[in-house]
Amino acid sequence: MAISDKKGFIRAETMVKPVPHVPEIQLHLADEAMSLWQKTEDELGDLGLPPPFWAFAWAGGQALGRYILDHESEFLGKTVIDFACGSGLVGIAAMKAGASHCTAIDIDPFAITATKLNAQLNEVTLEVVQADITDKVPQEVNVLFCGDVFYDQDMAAKVLKFLDRSLAKGTRVLVGDPGRSYLPKNRLEHLATYEVPIVGDLEDLEMKRSSVFELKTDITAQ
Ligand SMILES: C[S@@+](CC[C@H](N)C(=O)[O-])C[C@H]1O[C@@H](n2cnc3c(N)ncnc32)[C@H](O)[C@@H]1O
């Protein structure tokens with residue numbers, strides 16, 4: 001399978017399975033990260049590729065997906081962004097909950113293709129965009145979802161600045177996270193916690209406690 005055929009590669013290297021904590025949604029999921037990562041790098045001849053985040057339903061994304069489907073009225077008719085969409089799980093949940101429009105954004109071209117395939121699989125329409133929007137003016141939407149992005153210090157700092165600009169535009173920012181190292185804990189209002197089964201080998205545990213929070217404006221910065 002030539003990797004330039006991203007759709008074919010994703011179909012060949014994953015299986016369609018329900019998301020453990022959001023079984024209403026099916027995704028193209030991998031069982032094992034390392035061999036998939038190796039295969040992607042071997043075929044592209046590029047040793048600096050990011051891990052195949054798009055082939056897993058991350059604990060943060062699963063918590064957000066569960067919260068969205070259990071609180072549909074909060075999202076009915078809303079415009080939303082699934083920021084750092086990975087597989088597209090969160091955006092798909094939002095559209096299933098009745099959101100009027102979802103832009104799913106990621107920097108990884110494989111995530112873009114996986115999100116398109118997964119949207120099709122779940123019979124929802126997403127606008128899927130490959131971009132790094134963290135240094136851009138945020139789009140005006142009702143809700144921005146941010147699933148599992150606080151695992152890297154530089155990225156977390158960049159993302160938080162962008163989220164602050166989104167809050168300033170009146171966007172509600174919901175974060176799904178299992179307590180990663182750079183989660184801005186002092187800025188979060190807790191909404192829900194779930195015990196989330198993990199698919200694949202990217203985590204140290206098979207179950208993770210993962211929560212949904214609402215990001216609050218930093219009053220100390222005003
Ligand atoms: C751990 S995965 C989470 C995926 C998904 N939100 C979930 O919870 O299942 C992190 C994602 O962030 C994406 N990412 C990293 N930096 C980004 C940026 N600057 N803008 C958009 N996406 C980014 C990665 O490509 C990856 O898909």
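In listed order, ligands and their atoms are each counted from 1. Remember, predicted model here, so these are calculated numbers, not experimental data. These values consider heavy atoms only, across backbone and side chains, with no hydrogens, waters or symmetry-generated copies.
Here the straight-line distance linking atom CG of Leu144 with atom CG of Leu174 works out to 8.5 Å at 0.5 Å rounding.
Regarding atom 24 (C) of ligand 1, its nearest protein heavy-atom neighbour is Asp106 OD1, 3.5 Å.
Some N or O of Asp132 is nearer than 3.5 Å to an N or O of ligand 1, by distance alone. Here's the thing with Phe53: none of its N/O atoms is less than 3.5 angstrom from an N/O atom of ligand 1. In terms of polar-atom proximity, defined here as any N/O pair under 3.5 Å, Gly147 does make such a contact with ligand 1. Distances between N or O atoms of Met155 and those of ligand 1 include no value under 3.5 Å.
Of the possible polar contacts, one joining the Ser210 side chain to the Ala59 backbone as a donor-acceptor pair under 3.5 Å is found. Side chain of Asn118 to main chain of His28: a donor-acceptor pair is present (N/O by atom type, distance under 3.5 Å, no hydrogens or angles). Judged purely by atom type and a 3.5 angstrom limit, Asp177 has no side-chain atom pairing as donor or acceptor with the backbone of Val212.
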Show me the side-chain donor-acceptor pairs of residues 95-102 shorter than 3.5 Å, one per line, residues at least two apart or across chains.
residue, atom, partner, partner atom, Å
Ser100, OG, Gly77, O, 3.3
Ser100, OG, Lys78, O, 3.3
His101, NE2, Glu127, OE1, 3.0

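The salt bridge (Lys or Arg N to Asp or Glu O under 4.0 Å) analysis of residues 143-157, with sequence neighbours excluded, yields the pairs Asp148-Arg180.
Among Phe110, Trp58, Phe162, the residue whose heavy atom lies closest to atom 9 (O) of ligand 1 is Trp58. Comparing Ala104, Ala84, Pro178, Gly88 by heavy-atom distance to atom 6 (N) of ligand 1, the nearest is Ala84.
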